[in-house]
Amino acid sequence: MTVANPDGRPSRQVSTTRRTLLRLRAALLAATAVALVACLAVFLGVARTADAAADRSVPAILAVHDAQHALRSAHAAAVRNLTDSGLLLGGPGVDYQRQIAGAGQYLTLVAENNAAGDGGTRDIQTVEALLVTYTGLIGRADASYRDASLPALGGAWLRDAASLMDDILSLLDDLLAKQVSVLDEQRDNGWTHRLTPAVWLLPLLVLGALLVPTQIYLSRRFRRALNLPLLLASVATLGMVALTSLSLRSAADLDQVRRDVAAVQESRQGQLLQVRREAADGLADEVQKQCPDGCGRTVAGLRASAAPPSPSASAAPAPPRAAETTLTHAARAADSNSVEFVLPLLALGIGVLILAGFQARLAEYGYRST
C-alpha cells in the first residue's frame, strides 16, 4: 500500500506480506486446535463406549447365560438323582450342589457387572431370593424321598420346584434382555454412528487443505523449493487421520461383539431346551410311576413342556470358545492403544512445526519493502 508523508508527497510502498503470513499462521494454528478437539472428542467417546461394553455389558450377558445353564443343569441333576432309587442316599447329588454353587457365583458376577441400572439390580435380588426358596423345595423333596412312605410327596415337591425354576429362568430372560438392550444402545449411540467420522475428518481435511496452499504460496513468494517444517506438519496431520481412524475399528468390533452375543444366545437356548427336556421327561416319568391312573393330565402337561428344541436350535451347537471369542472382541474394541495420549503430542508437534515454518519467513520479510 502507499503511505503519504506529512507534506503530502507519496512515500514508498509497504508490503502486506508480513500481515498475510501472520494470518496464515493463525489460521493453521486454529485449524490444528479444532482438529485436536474433534479427534479427541470422538476417539474418547468411542473408547468410553467400548470400554463400558467390555467391562460391564458383555460380561453381564455371558454371566446370565452361564447362570441359566447352571440352574437348568442343577434342576435336571436333582430330578435325575432323587427319582433314581439307586441314588437315594446321595440326595440331589454332587452335580446338583456344584451347579447351584456355580449359579450363585454367576449371579454375583452379573451383580458386579450389571449395566441395566436399578431394574437389573431388582431382578438379580428377586432371583437370589427365589433361588433360596427353590433349594428349600429340593431339600423337602429329598427328605420326602428318604422316607419310604412319602415318595409321592417328594414328587409333588419336585413339581413345585420345577415350576419355581421356570419362574426364575423367566426372570433371568428379562434380565438378559435388559443387558442386551444396553449393549445395543452402546453399539448404536452417537459416537459409533456412521456419520460421526465426519466430525473429526473434516477438521483434519481443512488443516491439510490449508497446509498445502500455504506451502505453495511460500514457495512462490520466497522462491524456496521446500518448507521442511510445514511438510513434516502435513505428515503429522496424516498421522492424526490414521490414529483417529482406529475409532472406526472399535465401532466395527462392537458390531462384531453384538453378533457374537447373538450367536452365543442362540446356541445357549438350544442347550437350555435340551436340559429342560431331560428334567421334564424325568419328572413326568416319576409322576406317572407314583400316580399311574389319576395324573394323566399332569403327565401330559409335563411332557408338553418338554417339547423338543427347534431344528435350528438343536442343529446349531455353540462355536468353540464362543464366550472367550466374544470377550476377546470386546477387549479389542476397548483397547485405545494410548491414542488419546499420542493425539495431543502430534497436535503439539504440528503447532511447533507451523511456528518453525513461518518463523524464518517472518524474520526474512520482517522489514522488507517492495
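Nothing fancy with the numbering, it's 1 onward along the sequence.
Note on Asp253 versus Arg249: salt bridge recorded, some NZ/NE/NH1/NH2 to OD/OE distance being below 4.0 Å. The pair Asp95-Arg98 meets the salt-bridge criterion, with a side-chain N (NZ, NE, NH1 or NH2) lying under 4.0 Å from an Asp/Glu carboxylate O.
Side-chain contact check for Leu158 versus Ile138: some heavy-atom pair is nearer than 4.5 Å. Annotation: side chain of Leu71 is not in contact with side chain of Gln99 (no heavy-atom distance under 4.5 Å). Side-chain contact between Tyr96 and Thr135: present, with at least one pair of heavy atoms (C-beta onward) separated by less than 4.5 Å. The closest side-chain heavy-atom distance from Asn81 to Pro92 is not below 4.5 Å. At least one side-chain heavy atom of Gln215 sits under 4.5 Å from a side-chain heavy atom of Ser234. In this structure the side chain of Tyr217 never reaches within 4.5 angstrom of the side chain of Val212, judged on heavy atoms. Side chains of Leu204 and Cys39 form a contact here, defined as non-hydrogen atoms less than 4.5 Å apart. Within the 4.5 Å cutoff, no side-chain heavy atoms of Pro229 are placed close to those of Phe358.
Thr328 places a side-chain N or O within donor-acceptor distance of the main-chain N or O of Glu324, the cut-off being under 3.5 Å. In this structure, Thr192 contributes its side chain and Arg187 its backbone to a donor-acceptor pair below 3.5 Å. In terms of modelled atom types and a separation under 3.5 Å, the side chain of Asn114 and the main chain of Gly117 share a donor-acceptor contact. In this structure, Asn227 contributes its side chain and Gly357 its backbone to a donor-acceptor pair below 3.5 Å. With hydrogens and angles ignored, the 3.5 Å screen pairs a side-chain donor or acceptor of Ser247 with a backbone N or O of Thr244.
Once rounded to the nearest 0.5 Å, the distance linking CG of Leu355 with CG of Leu29 reads 5.0 Å. We find the CZ-CG distance between Phe341 and Leu40 to be 10.5 Å, quoted to the nearest 0.5 Å. Atom NE2 in His69 sits 9.5 Å away from atom OH in Tyr106 (nearest 0.5 Å). Atoms CZ and CG, on Arg159 and Leu164 in that order, are 14.5 Å from each other to the nearest 0.5 Å. Taking CG from Leu131 and CG from Leu172, the interatomic distance works out to 9.0 Å, rounded to the nearest 0.5 Å. Atom CD1 of Ile168 sits about 11.0 Å away from atom CD of Glu128, to the nearest 0.5 Å.
Between Ile124 and Ala111, the shortest heavy-atom distance links the atoms CD1-CA, 3.7 Å. The nearest pair of heavy atoms linking Ala333 to Ala50 is O-CB, 3.3 Å. The nearest pair of heavy atoms linking Thr214 to Leu210 is OG1-O, 2.6 Å. Heavy atoms only, all atoms of each residue included: Pro203 and Ala35 are closest at CB-CA, 3.7 Å. Of all non-hydrogen atoms in Ala233 and Leu353, the two that sit nearest each other are N-CD1, 3.6 Å. In plain terms, the two heavy atoms of Trp191 and Val42 that are nearest each other are CZ3-CA, 3.7 Å.
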Checklist entry - Do Arg25 and Leu22 pass the side-chain contact (heavy atoms from CB on, under 4.5 Å) test, and can you show the C-alpha distance, the side-chain angles, and the key distance before you say yes or no? => result CA-CA 5 Å; Arg25 186 179 69 177; Leu22 291 173; 3.5 Å; yes
Checklist entry - Leu228 and Leu232: side-chain contact (heavy atoms from CB on, under 4.5 Å), yes or no, with the steps? => result CA-CA 6 Å; Leu228 183 59; Leu232 293 176; 4.2 Å; yes
Item to check | Steps toward side-chain contact (heavy atoms from CB on, under 4.5 Å) verdict (Arg72, Met165) | outcome: CA-CA 8 Å; Arg72 272 293 182 201; Met165 177 57 68; 4.3 Å; yes
Checklist entry - Could you walk me through whether Lys178 and Asp173 pass the salt bridge (charged side-chain N to carboxylate O under 4.0 Å, His left out) check? => result CA-CA 9 Å; Lys178 292 175 183 177; Asp173 282 337; over 6 Å; no
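Inspection of the Asn189 and Thr49 side chains reveals an N or O donor paired with an N or O acceptor under 3.5 Å. For the residue pair Gln256 / Thr326, no side-chain donor-acceptor distance below 3.5 Å is found, with atom types taken as modelled.
Note: the hydrophobic cluster containing Val342 also contains Met240 (ILVMFWY, side chain heavy atoms under 4.5 Å, direct or indirect links). When hydrophobic clusters are built by joining Ile, Leu, Val, Met, Phe, Trp and Tyr residues whose side-chain heavy atoms come closer than 4.5 Å, directly or via intermediates, Val257 is not grouped with Leu109. Note: the hydrophobic cluster containing Leu130 also contains Val110 (ILVMFWY, side chain heavy atoms under 4.5 Å, direct or indirect links). Under a hydrophobic-cluster definition in which Ile, Leu, Val, Met, Phe, Trp and Tyr are linked whenever side-chain heavy atoms come within less than 4.5 Å, directly or via other members, Leu254 and Leu248 are assigned to different clusters. If you chain together hydrophobic residues whose side chains sit under 4.5 Å apart, Val58 and Val182 never meet in one group.
When each of Gln179, Gln186, Arg258 is tested with Ser57 by the rule side chain to side chain donor-acceptor pair (under 3.5 Å), just one qualifies, namely Gln186.
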